[in-house]
Amino acid sequence: MSGSDFDLGAAFIPALHKPAPLLPIAKHRESLLYLVESYPVTIVVGQTGSGKSTQAPQFLEHAGWCADGKVIGVTQPRRVAATTVAIRVAEEFGCEVGKEVGYSIRFEDVTSESTRIKFLTDGLLIREALVDPLLSRYSVIMVDEAHERSISSDILLGLLKKIRRKRPDLRIIVSSATLQAEDFSNFFSEAREDAASEARQEGKGDIATIVSLEGRTYPIDILYLESPAEDYLEKAVSTVLDIHTNEPKGDILVFLTGREEIDQAVQAVSERSAQLPPGSQSILPLPLYAGLPTDQQMYVFEEAPENYRKVIFSTNISEASVTIDGIVYVVDSGFVKLRAYNPRSGIESLTVTPVSKASAAQRAGRAGRTKPGKCFRLYTEEAYQSLPSANVPEIQRSNLAPFILQLKALGIDNVLRFDFLTPPPAELMTRALELLYSLGALDEYAKLTKPMGLRMAELAVEPMMAKTLLSAPSFGCLSEILTIAAMTSLGGNIWIQHEGEKKKTESAKRKFAAEEGDHLTLLNVYQAFITKGRNESRFCHDNLLNFKAMTRAVSIRNQLKRYLERFGLNVDESLAAHSTSTGGGSSNKAEQIRRCLTAGYFAHAARMQPDGTFRNVSGTTVLHAHPSSIMFNRKADWVVFHEVMETGTKAFIRDVTRIEKAWLLEYAPEFYKTG
DNA sequence: GAGCACTGC
């Protein structure tokens with residue numbers, strides 16, 4: 001710490017070790033090219049700012065890796081990253097985006113015949129493999145941000161390892177943060193049964209190599225608490241005020257776990273900053289989380305007014321997805337909300353969990369982007385030492401059904417023997433296989449069915465919704481189900497909720513409410529948007545609807561419709577014109593929709609108990625209607641629901657629709673044979 | 001009567 005005598009010194013003690021600096025990418029140009037030339041797999045280790053994502057592809061292009069019309073593919077875990085990096089590289093390259101340098105993300109393909117360097121999301125590259133299993137148009141594939149261990153980048157690495165055996169010419173670059181570089185290199189070097197002889201010939205270690213690059217970050221002082229904080233939220237607030245009164249200029253970024261905490265902290269800081277001595281600099285506290293409307297998110301990027309210090313209270317969104325300039329101080333609560341999946345109950349949960357060392361390092365790094373910074377960790381150095389080195393990879397804590405389906409469609413029949421970077425628990429695999437079998441996507445030998453399973457894999461929605469869509473023609477409601485599929489895959493972003501205006505949102509929703517449940521309500525919302533809202537800018541505003549989300553629903557619907565038409569299924573839109581709300585002459589249509597939903601979502605059925613809670617079919621799990629649901633506080637008997645998530649101690653079901661018990665037996669006789 | 005961290009096709 002610097003020489004000044006602030007109180008912070010009493011509570012925070014400096015870290016013992018600092019990482020040694022490495023070399024920057026420009027100096028490594030020749031060695032990088034040499035390594036890619038000599039080794040099938042190169043692991044590039046470098047932090048954000050090292051220029052690996054922007055420079056490496058250009059080096060390779062100039063060195064002739066696209067000479068024979070081949071393409072260098074660079075995958076990113078997020079859409080924004082794919083587009084922004086592409087734009088920057090095109091600028092450096094001196095071309096228009098979409099010419100020599102382009103990008104491709106869902107709904108946006110900005111590439112052309114002349115594209116040589118192509119940025120794309122990793123999920124999209126997996127999809128390209130459905131059409132071109134050996135990814136033959138690529139000479140080099142670089143998987144960027146692989147250390148994040150998203151499901152799709154993990155699966156992509158598994159596929160690339162497999163492809164490499166058939167395409168020795170393919171060059172693979174894995175870009176990672178320091179901690180896991182060895183894991184990647186071991187993964188590609190490691191011999192597995194069928195590749196054992198090949199690996200013996202090449203010799204272990206000759207396949208993959210590691211190169212380290214320096215990040216262009218400034219030094220960061222890491223400070224720990226001397227003793228554990230009882231309440232990290234309170235400690236975060238007081239630390240912010242301490243920094244504000246004792247430390248020189250510079251904005252503060254505080255990592256918390258969720259919206260509720262963030263709103264509380266913003267409130268507390270604005271109250272306490274009112275008590276600062278008159279004439280002193282003021283604090284401008286701002287919230288940042290994904291659920292925030294875009295215009296409010298933009299505030300964090302604006303410079304604070306004269307005589308204000310900006311303090312951003314953020315979720316994990318600032319750890320990798322969003323970069324804010326001018327941050328000098330980071331306050332790290334040491335916690336994050338993580339998703340887990342219980343294969344026994346099929347329930348996802350969202351729980352507050354201690355961060356990993358890798359996360360903590362990433363958070364600290366956000367302080368040193370423009371000048372030397374400080375990171376205040378709201379835990380002791382001992383506690384830090386006991387943190388896991390990395391997060392549990394997503395593939396080990398998710399519902400695998402959509403990915404198993406994709407692997408099967410890629411011709412990987414024995415998914416249990418697929419070469420995973422980290423294999424998921426057997427229970428997760430079994431659960432996914434069982435669900436896919438019950439939906440008719442797999443036969444009794446666990447082989448992909450045709451056309452059902454193959455079509456389900458091609459549709460860009462989760463398996464139960466895919467089944468619902470493919471069943472819809474026989475219920476005469478394909479147009480409506482298309483809309484429902486698009487609306488449910490948006491997640492919870494349909495409504496705009498302004499602070500302290502919960503009541504307003506509720507009454508806005510009620511206008512579209514359908515007696516039958518949330519799916520029909522979503523259908524009403526979409527149809528109102530299509531008929532009135534698309535051209536009237538006031539429609540969304542007046543009804544507290546999220547215009548961006550609704551526009552996205554239109555895109556998703558169009559894309560799904562194109563898939564279905566390619567399958568030869570005719571989408572008759574003429575019937576969709578009139579409303580399906582109760583009371584009209586279309587209650588038969590509403591029933592067909594509910595029946596069709598049952599045909600896909602029979603595994604997500606529940607029955608309401610006299611006390612108003614729900615119970616799943618086996619009666620083992622208590623479920624609650626989510627407060628956002630139309631079925632919250634309404635009477636029902638049997639229902640199906642889109643998803644179930646546990647937060648705190650309760651499991652909530654979202655997007656709920658009434659059904660008849662008899663339909664479950666009718667559409668899923670095998671699943672409910674004991675009933 | 002109570003609430004979704006973050007991505008992606």
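Between the P atom of B:dG8 and the CZ atom of A:R127 lies a distance of 14 Å, rounded to the nearest Å. What separates CD of A:Q76 from P of B:dC6 is a distance of 20 Å, to the nearest Å. A straight line from NE2 of A:H626 to C1' of B:dC4 spans 7 Å, rounded to a whole angstrom. Atoms CD (A:Q297) and C1' (B:dA5) sit 13 Å apart, rounded to a whole Å. Rounded to whole Å, the distance from CZ on A:F652 to P on B:dG3 is 4 Å. Between A:F614 atom CZ and B:dA2 atom P the separation is 15 Å, expressed in whole Å. Across the protein-nucleic acid pair, A:D655 atom CG and B:dC4 atom P stand 13 Å apart, rounded to whole Å. Following rounding to the nearest Å, A:R397 (CZ) and B:dC6 (C1') show an atom-to-atom distance of 10 Å.
Side-chain contact check for A:R363 and A:N316: at least one donor-acceptor pair (N or O, by modelled atom type) lies under 3.5 Å. Using modelled atom types and a 3.5 Å distance limit, the side chains of A:S153 and A:E145 yield no donor-acceptor pair.
The nucleotide whose nearest atom lies closest to any side-chain atom of A:T647 is, among B:dC4, B:dC6, B:dC9, B:dC4. Listed candidates were B:dC4, B:dT7, B:dA2. Nearest to the side chain of A:R654 is B:dC4.
Between A:L124 and A:K337, it is A:K337 whose nearest contact on DNA chain B lies nearer the 5' terminus. For A:S152 and A:P627, each mapped to the nucleotide of DNA chain B holding its nearest heavy atom, the one lying further toward the 5' end belongs to A:P627.
An OP1 or OP2 oxygen of B:dA5 is reached within less than 4.0 angstrom by no side-chain nitrogen or oxygen of A:T257.
Residue contacts shown for A:R106 include a base, since a base heavy atom lies under 4.0 Å away. No contact: A:S628 has no heavy atom under 4.0 Å from any strand. A:H624 comes within 4.0 angstrom of nothing in the nucleic acid, heavy atoms only. Within 4.0 Å of A:R79, counting heavy atoms only, lie sugar-phosphate atoms of the nucleic acid but no base atom. At the heavy-atom level, A:L459 lies nowhere under 4.0 Å from the strands shown. Residue contacts for A:E643: at a heavy-atom cut-off of 4.0 Å it reaches a base atom on one of the strands shown. Among the protein residues, A:S150 comes within range of no part of the nucleic acid, since none of its heavy atoms lies under 4.0 Å from any strand. Using a 4.0 Å heavy-atom distance criterion, A:F632 is classed as a base contact.
Put simply, the side chain of A:R259 and the base of B:dC4 share no donor and acceptor less than 3.5 Å apart.
Salt-bridge check for A:E128 with A:K118: passed, with a basic side-chain N closer than 4.0 Å to an acidic carboxylate O.
Take A:S104 and apply the side chain to side chain donor-acceptor pair (under 3.5 Å) test, not counting sequence neighbours, and it matches A:D109.
Pairs engaging residues 452-470 of chain A under the side chain to side chain donor-acceptor pair (under 3.5 Å) rule: A:E458-A:R566, A:E462-A:Y601 [sequence neighbours left out].
For A:K511, the NZ atom sits in a packed shell: over 12 heavy atoms of surrounding residues, nucleotides or ligands are nearer than 6.0 Å.
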